[in-house]
Number of protein chains: 2
Amino acid sequence: MHENKFINIYQDLSSKIRRAILPAGQLLPSENELGDQYRASRETIRKALALLSRNGYIQKIQGKGSVVLDVSRFDFPVSGLTSFRELAEHTGEQWKTTVRQLILMKPDKKLQQLMNLEEDQNLWKVIRSRTVGGETVILDKDFLLLDTVPMLTADICEHSLYDYIENELNLKIGFAKKQITVEEANEEDRQYLTLSTVSSVVVVRSLVYLDNTQLFQFTESRHRADKFRFVDFARREHL
Amino acid sequence: MHENKFINIYQDLSSKIRRAILPAGQLLPSENELGDQYRASRETIRKALALLSRNGYIQKIQGKGSVVLDVSRFDFPVSGLTSFRELAEHTGEQWKTTVRQLILMKPDKKLQQLMNLEEDQNLWKVIRSRTVGGETVILDKDFLLLDTVPMLTADICEHSLYDYIENELNLKIGFAKKQITVEEANEEDRQYLTLSTVSSVVVVRSLVYLDNTQLFQFTESRHRADKFRFVDFARREHL
DNA sequence: TAGTGGTCTAGACCACGTG
DNA sequence: ACGTGGTCTAGACCACTAT
């Protein structure tokens, strides 16, 4: 049970939509009815509905109501800063993470510029590969500020870095800027990834910031191109 | 001037941030101050700030204020259903659109399933290529329901399909489900695109829905892999 | 302690769709 | 005419940050 009313309402409704208790195509109860049901004011209901709308659960139609959308064969969206482990758990596949390197280093020129660092600031460098069905298809290179992450072990990196950062270190991640491109596989890719005939990789580069706007991580996630898939739900902004 | 107060406030503030009148790192005036300045209630200000936050302009910090983020070298996000023409106008580059095919057709099995169609429903099929700097790097294949788009000409397709749909036909686009993958170039790609040594293409497939939840378009946008770039701003959802 | 953002409320008026 | 969602308001209380 969450402390916020509108999030509880969101979770209740979204769960009912996912389990088709509220089937696609049908109208949700009106905002006033929902207000009575959940004993909440209309604005609070509207906050919950806004979340449902943003995440593709409903479409609001003025004068009519909120239509439940078909959310059934919705592949997971990679959007929203979801970590590798959360994705793996979501799909239920058997993944394995291998830590290839874990060292403390000073940033080179490129990283200094990219992350806006002094040349003597220490960084954790973590290289991990992700294996599924005997094939290694993802290579993750992470660079984390020692100032924000004072301690790091191979065990943590193998388990879940984000779990550790959010729940152990109690840091709150705020947002990330991401960029996706396709590139030719390089030396390192050939070393770690199962490439066979595939020669290109999808590279997702992210700058990750904390709640207080401080940059603390740069990640380069390299996916074997044929195993990459990005799913998105996008609303049209009418500004 | 928009009719909605919170959108006006959003546009005013975002423009001031983009022009660095409100420089990155600085705090916005408090919500109460903004309420006085814009003669709006606090909740209205908060709606404007929520928009700024979602679009990467600010980071709100409880007990402190709203920090202006660095939005300077923010490449345009492809998110948000932006059409080719809007992107081209945004970057200011000289693009050229060529209509390769414009026909009426019945859907094949694949399209029937994908778009949930009857086999006798008529579709517009539009194939367009996009050229920049002498190289043709994007191939767009669109399928539109004749029921929703009764008339279509090569001229319209060359100019802007979305302009026509939204402003002439007065249809409102609601949302889209997108999927991005990387594939080997096929016959058609080699026919229309300038591929030289590149052999893979990034394929963006979208199902586009109207405001009233009706599906009306399927689009397959094929990009020469080395010319593709997807930029995203993602917030961490703490539910 | 004072000021900030986060949540919630009750009520008002408007715009839109349906009968 | 009625019910729907869309906007806006004024006010309350809480949680957090600063000092």
Side-chain angles (χ1 to χ4, degrees), chain A residues 1-13 26-54 57-69 170-172 174-175 210-214 235-239, chain B residues 1-13 26-54 57-69 170-172 174-175 210-214 235-239:
Chain A
M1 196 64 172
H2 198 124
E3 62 213 288
N4 289 336
K5 217 164 180 175
F6 76 94
I7 291 183
N8 283 324
I9 299 170
Y10 164 76
Q11 284 173 338
D12 189 53
L13 288 173
Q26 196 173 298
L27 284 177
L28 242 47
S30 79
E31 296 178 347
N32 286 318
E33 283 181 77
L34 288 172
D36 293 342
Q37 285 180 30
Y38 289 102
R39 251 156 268 250
S41 76
R42 197 175 149 225
E43 283 292 353
T44 300
I45 296 295
R46 284 178 60 72
K47 264 166 107 175
L49 296 189
L51 259 186
L52 290 172
S53 171
R54 261 204 321 189
Y57 286 102
I58 62 169
Q59 173 72 27
K60 310 193 84 183
I61 304 180
Q62 194 172 76
K64 219 173 157 194
S66 298
V67 184
V68 177
L69 296 181
N170 265 313
L171 298 172
K172 284 212 188 87
F175 57 92
L210 295 177
D211 229 9
N212 60 6
T213 77
Q214 197 203 325
R235 298 208 84 88
R236 182 74 161 170
E237 301 249 2
H238 291 288
L239 302 184
Chain B
M1 195 65 171
H2 202 274
E3 60 212 289
N4 288 336
K5 217 164 180 175
F6 77 93
I7 291 183
N8 283 324
I9 298 170
Y10 164 77
Q11 284 173 338
D12 189 53
L13 288 173
Q26 195 173 301
L27 284 176
L28 243 47
S30 79
E31 296 179 346
N32 285 318
E33 283 180 79
L34 288 171
D36 293 341
Q37 285 180 30
Y38 289 103
R39 250 156 271 250
S41 76
R42 197 175 146 225
E43 284 293 351
T44 300
I45 297 295
R46 283 178 60 73
K47 265 166 104 175
L49 295 189
L51 260 185
L52 290 172
S53 171
R54 264 207 324 204
Y57 286 103
I58 63 170
Q59 173 72 28
K60 311 193 83 183
I61 303 180
Q62 193 173 77
K64 223 173 153 192
S66 298
V67 185
V68 177
L69 297 181
N170 265 313
L171 298 172
K172 282 209 188 90
F175 57 91
L210 296 177
D211 229 8
N212 60 6
T213 76
Q214 198 204 324
R235 297 207 87 87
R236 181 75 162 168
E237 301 250 2
H238 291 288
L239 302 185

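To find a chain, count down the sequence lines: A is the first, B the second, and so on, and within it residues start at 1.
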Rounded to the Å, how far apart are [X] [atom1] and [N] [atom2]?
X: A:D36; N: D:dT4; atom1: CG; atom2: P; answer: 11 Å
X: A:N32; N: D:dG5; atom1: CG; atom2: P; answer: 7 Å
X: A:L34; N: C:dC8; atom1: CG; atom2: P; answer: 15 Å
X: A:K47; N: D:dG6; atom1: NZ; atom2: P; answer: 16 Å
X: B:Y38; N: D:dC8; atom1: OH; atom2: C1'; answer: 17 Å
X: A:R46; N: D:dT4; atom1: CZ; atom2: C1'; answer: 11 Å
X: B:I9; N: D:dT7; atom1: CD1; atom2: P; answer: 13 Å
X: B:E3; N: D:dT7; atom1: CD; atom2: P; answer: 9 Å

Would you mind listing every salt bridge (charged side-chain N to carboxylate O under 4.0 Å, His left out) that reaches into residues 1-11 of chain B, with sequence neighbours excluded? none
Out of D:dG5, C:dT4, D:dC8, which nucleotide sits closest to the side chain of B:N4?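 Looking only at side-chain atoms, B:N4 lies closest to D:dC8.
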For every nucleotide of nucleotides 9-19 of chain D, 5' to 3': is a protein heavy atom under 4.0 Å from its base (B), only from its sugar-phosphate (S), or from neither (-)? BB-B---BSS-
Residues forming a side-chain contact (heavy atoms from CB on, under 4.5 Å) with [X], sequence neighbours excluded:
X: A:L27; answer: A:V67
X: A:Q37; answer: A:P29, A:L34
X: B:K60; answer: B:E31, B:R46, B:L49, B:I58, B:S66
X: B:K64; answer: B:I61

For the atom pair CG (A:D211) and CZ (B:R236), what is the distance rounded to the nearest 0.5 Å? 11.5 Å
